[in-house]
Number of protein chains: 2
Amino acid sequence: MEDNNKLAGFFKAIAHPTRINIIKTIYEKNICVNDISKELNINQPNTSQHLAILKNHNLLIKTKKGNEACYKIKDEGIIKLIQEAEKLVEKLEK
Amino acid sequence: MEDNNKLAGFFKAIAHPTRINIIKTIYEKNICVNDISKELNINQPNTSQHLAILKNHNLLIKTKKGNEACYKIKDEGIIKLIQEAEKLVEKLEK
DNA sequence: ATTTTTTATTATTATATATTTATATACTAA
DNA sequence: TTAGTATATAAATATATAATAATAAAAAAT
């Protein structure tokens, strides 16, 4: 039952359209904050904040190159989980 | 991208410890509000509210017997998804 | 008919999350 | 060293979610 808190925290981390978008966008990439910000058309601080939330839940890995910060998916399991959730949502609608 | 809103809404629906608990508890049962309320030790209005959220996201099916309302899991896919999420969270911690 | 039981809804208050704006830090380049 | 670029953090505001308490609605039992 206490584990439900941890799990709920994980779901909360991905329960945001922008963060789902970030995960999908950086999949198979190692991409820096500025490029994510431009590509998704969200401002820099908000981008950093969402990235921090995902990183804090161990979904992303951060590396630094000079003054740039690059992020990538830690484990592709999150991609699979999102895909399965998408299928389930479709199925549940019927 | 618009689909991310729908998906985020789905994750939000399950991103709460009590609601995860409800899903796990009523799995393979058809159980009325009062019994859920007692079993999980949450008050009746709060129980009804959480059930309504899950039902609104098509996760539960509601039936009425006399003056009782019974709820059951609509599709066991949600159980599988939760189990996979639990495994993933464990894996990500390492 | 009235009371009891069960559930749902509404209103209130409390708490959490999100977005924007401003500021700070770190590194690079001139 | 100063100016520029990239990122993070903090503060302020707005919005959303949650929990409790109060009320309403529906059916059952007396």
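Values below: all heavy atoms of this structure, side chains included; hydrogens, waters and symmetry mates excluded. Every value quoted in this text rests on a predicted model; they were computed, and no experiment measured them. Convention: sequence-line order gives letters A, B, ...; per-chain numbering from 1.
Comparing dA16(C), dT6(C), dA8(C) against the side chain of K12(A) picks out dA16(C) as the nearest. For V33(B), the listed nucleotide lying nearest its side chain is dA8(C); candidates were dT7(D), dA8(C), dT6(C).
Panel note: side chain K74(A), backbone L92(B); a donor-acceptor pair is recorded below 3.5 Å. N46(A) contributes no side-chain N or O that, together with a main-chain N or O of I42(A), makes up a donor-acceptor pair within less than 3.5 Å. H16(A) places no side-chain N or O within 3.5 Å of a backbone atom of K12(A) that could act as its donor or acceptor partner. Side chain of S37(A) to main chain of V33(A): no donor-acceptor pair is present (N/O by atom type, distance under 3.5 Å, no hydrogens or angles).
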Each nucleotide N or O in nucleotides 22-28 of chain C that has a protein N or O under 3.5 Å away: list the pair and distance.
none

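Listed pair H50(B) / dT17(D) fails the phosphate criterion, with no side-chain N or O lying under 4.0 Å from OP1 or OP2. Distances shorter than 4.0 Å separate none of the side-chain N or O atoms of K62(B) from OP1 or OP2 on dT7(C). The phosphate of dT6(C) (OP1 or OP2) has no side-chain N or O of Y71(B) nearer than 4.0 angstrom. Taking 4.0 angstrom as the limit, H16(B) places none of its side-chain polar atoms (N or O) nearer than this to OP1 or OP2 of dT17(C). Proximity of N43(B) to the phosphate of dA21(D): no side-chain N or O atom is located under 4.0 Å from OP1 or OP2. For N34(B) and dT7(C), the shortest distance from a side-chain N or O to OP1 or OP2 is below 4.0 Å.
Heavy-atom contacts from other residues, nucleotides or ligands closer than 6.0 Å to NZ of K64(A) number more than 12.
The interatomic distance linking I20(A) (CD1) with dA18(C) (P) rounds to 12 Å, in whole Å. Atom CD1 of I36(B) is separated from atom C1' of dT7(C) by 11 Å (rounded to the nearest Å). Rounded to whole Å, atom C1' of dT9(C) lies 14 Å from atom NZ of K55(B). Whole-Å rounding puts the N56(B) CG to dT9(C) C1' distance at 13 Å. Between the CZ atom of F11(A) and the P atom of dT17(C) there is a distance of 16 Å, rounded to whole Å. In this structure, the CG atom of L51(B) is 14 Å from the C1' atom of dT9(C), given to the nearest Å. Put simply, CD1 on I42(B) is 14 Å from C1' on dT7(C), counting in whole angstrom units. Atom pair N46(B):CG and dT23(D):P shows a separation of 19 Å (rounding to whole Å applied).
Pairs passing the salt bridge (Lys or Arg N to Asp or Glu O under 4.0 Å) check and including a residue from residues 19-35 of chain A, sequence neighbours excluded, read K24(A)-E86(A), K29(A)-E39(A).
Comparing Q49(A) and K38(B) along DNA chain C, the residue whose closest nucleotide (by nearest heavy atom) sits nearer the 5' end is K38(B).
For the side-chain hydrogen bond (donor to acceptor under 3.5 Å, both in side chains) test, residues two or more places apart in sequence or in another chain that qualify with S48(B) are Q44(B).
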